[in-house]
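Atoms considered below: every heavy atom in the structure, side chains included; atoms not considered: hydrogens, waters and symmetry mates.
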Number of protein chains: 2
Amino acid sequence: MALSIAARSAVAGQMRASEAASPPLVTPEACARCEAREVSVCSVLSGDDLARLSHISVVSTVGEGETFITEGDPADHFFNITAGTAKLYKLLPDGRCQVTGFARTGDFLGLAAGAVYVFSAEALEPVRFCRFARSKLRGFLRDCPEMERRLLDLARNELVLAQEQMLLLGRKRARERLASFLLSWQQRAAPGPGNRLMLPMTRTDIADYLGLTIETISRTLSAFKKTRLIAQTALSELIILNGTELAAIAAGDR
Amino acid sequence: MALSIAARSAVAGQMRASEAASPPLVTPEACARCEAREVSVCSVLSGDDLARLSHISVVSTVGEGETFITEGDPADHFFNITAGTAKLYKLLPDGRCQVTGFARTGDFLGLAAGAVYVFSAEALEPVRFCRFARSKLRGFLRDCPEMERRLLDLARNELVLAQEQMLLLGRKRARERLASFLLSWQQRAAPGPGNRLMLPMTRTDIADYLGLTIETISRTLSAFKKTRLIAQTALSELIILNGTELAAIAAGDR
DNA sequence: CGTTGTGTTGATATTAATCAACAAGTGTGG
DNA sequence: CCACACTTGTTGATTAATATCAACACAACG
């Protein structure tokens, strides 16, 4: 069995939040090393602890479009993404959807859950993850305070990001929201060749993340292209030409 | 010195989130007991641990309208509200404001912070709180895993609420937002005599919490009054007449 | 009493949603 | 290989929800 408990350094849409973020909990290098060995490693664990944690973990893979966490189901497991990207979302009875976040390699799912999951998770591209039972984790944490500390840091980080997103959803205009999203995604995603930014999600996903419609996303992206803030190299691939100006827009300065 | 680390059972705006919430971390009774003794008690601590924690805590009081946490300042302290209500908010450079939450007796402030605070806190009525240095807390937590576990539970709860609020801000309409707010506040606030609901915040605060304007709040409240969903007993005091219908509106069912 | 702050209500403006048409890409089957 | 449906994205026209602007009511307070 393989296992990984890791977290990328989260980057908020704004400088201020970025300053407040904790240092990387697990470096990208460590993640890569884990993957190569087929045994993902929690950076704070070693020896016996690691072995014990491996006992309670299971590795799985899901294909694009598959839902692997469903809102309302008993929250029996924690997840750690080891490859791919997933969207996390909540639904209203009439089908309205709010994407609460995107999870990438190293991210941890299931912190924001009580007895049942309060969100669903769907793979945007093939996703590999490491899953383990919350009941067993509880016992493990009792003997491994270092691990608990990391989880608290993770939760803190997520809380900072969530509040930043509240500001975005409650008070920013469409162009400010999209600018914020592009910049924060640029910082989270590994840059492609030639500084290209890959967007594994559809326009619908972006719209549901930013509280807008696909038409508004499309129009706003077109406006950014026309003013040379970004360039589009493929349908889901673009280059940020003027990050400074984009950051000013994201912050609401113009 | 007095000290308190406590948390009320958080109640989300929707049933689903409520089911998911952890059991009360500190009962209202325990809080009351703490207050009476002028030594607030963390329910998971006792004896030596409690004495040690008391060493690093300071009790303060701030008046209505006073800001006691400022976004961007070094996040040196944790806070635990022991009396009163405060609003937590973030600002955009041009003055737009997003209230990210309201903190009441027993609530804990400062979890969502890194090197600097990412939100400000202002007293809506006279607030008493217990404050202690994060640097000292860190050392304390090392020796008191039970305490750390509680903090993780608190953070988990806040995360659930934050995601519920994202759904509200991103996808709910004005009447749905206000209905959600009234119900969740009803569950958090101690009910006044005759089931009256006290709202210590102004229309502006509610508007900034729900991502709306004061005019929309006022109009929507008037509509609720006209359809007998609520009745107003004073400017900041009302009664929920039809909670069932209000819940249906909050959930987006009509 | 006037003044100020807060809330309400009405008229109008604006942003983004909705409705609609079409373009481009993808996959299928003949 | 092409015709076809089907999905996703773009753009335009119109509508709807909420913001903005404005007037006024009311209470608190000096």
| request: Check the pair Y89(A), F119(A) against ring-ring contact (aromatic ring centres under 6.0 Å, His included), reporting the backbone distance first and the verdict last. | output: CA-CA 5 Å; Y89(A) 61 97; F119(A) 59 86; 8.9 Å; no
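Look at K90(A) and E164(B) and you find a salt bridge, because one of the NZ, NE, NH1 or NH2 atoms lies within 4.0 Å of a carboxylate O, short of that distance. Using a cutoff of 4.0 Å between basic side-chain nitrogens and carboxylate oxygens, R254(B) and E245(B) are scored as salt-bridged. The residues D208(A) and R203(A) are annotated as not salt-bridged, no charged nitrogen and carboxylate oxygen being separated by less than 4.0 angstrom.
The CD1 atom of I206(A) sits 14 Å away from the C1' atom of dT10(D) (whole-angstrom rounding). Between the CG atom of L238(A) and the C1' atom of dG9(D) there is a distance of 14 Å, given to the nearest Å. Distance L178(B) CG to dT18(D) P: 12 Å, rounded to the nearest Å.
Two residues are said to be in side-chain contact when any heavy atoms from C-beta on lie closer than 4.5 Å; D73(B) and V116(B) fail this criterion. W185(B) places none of its side-chain heavy atoms less than 4.5 Å from the side chain of M198(B).
Ring-centre distance between F79(B) and F108(B): not below the 6.0 Å cut-off.
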| request: Between protein and nucleotides 8-27 of chain C, map the contacts as a letter string: B base, S sugar-phosphate only, - none, heavy atoms under 4.0 Å, written 5' to 3'. | output: BBBB----SSBB--------
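Applying a 4.0 Å cut-off to non-hydrogen atoms, none of the residues of residues 94-103 of chain A approaches DNA chain C.
Residues L199(A) and L238(A) share a closest heavy-atom pair of CD1-CD2, 4.1 Å.
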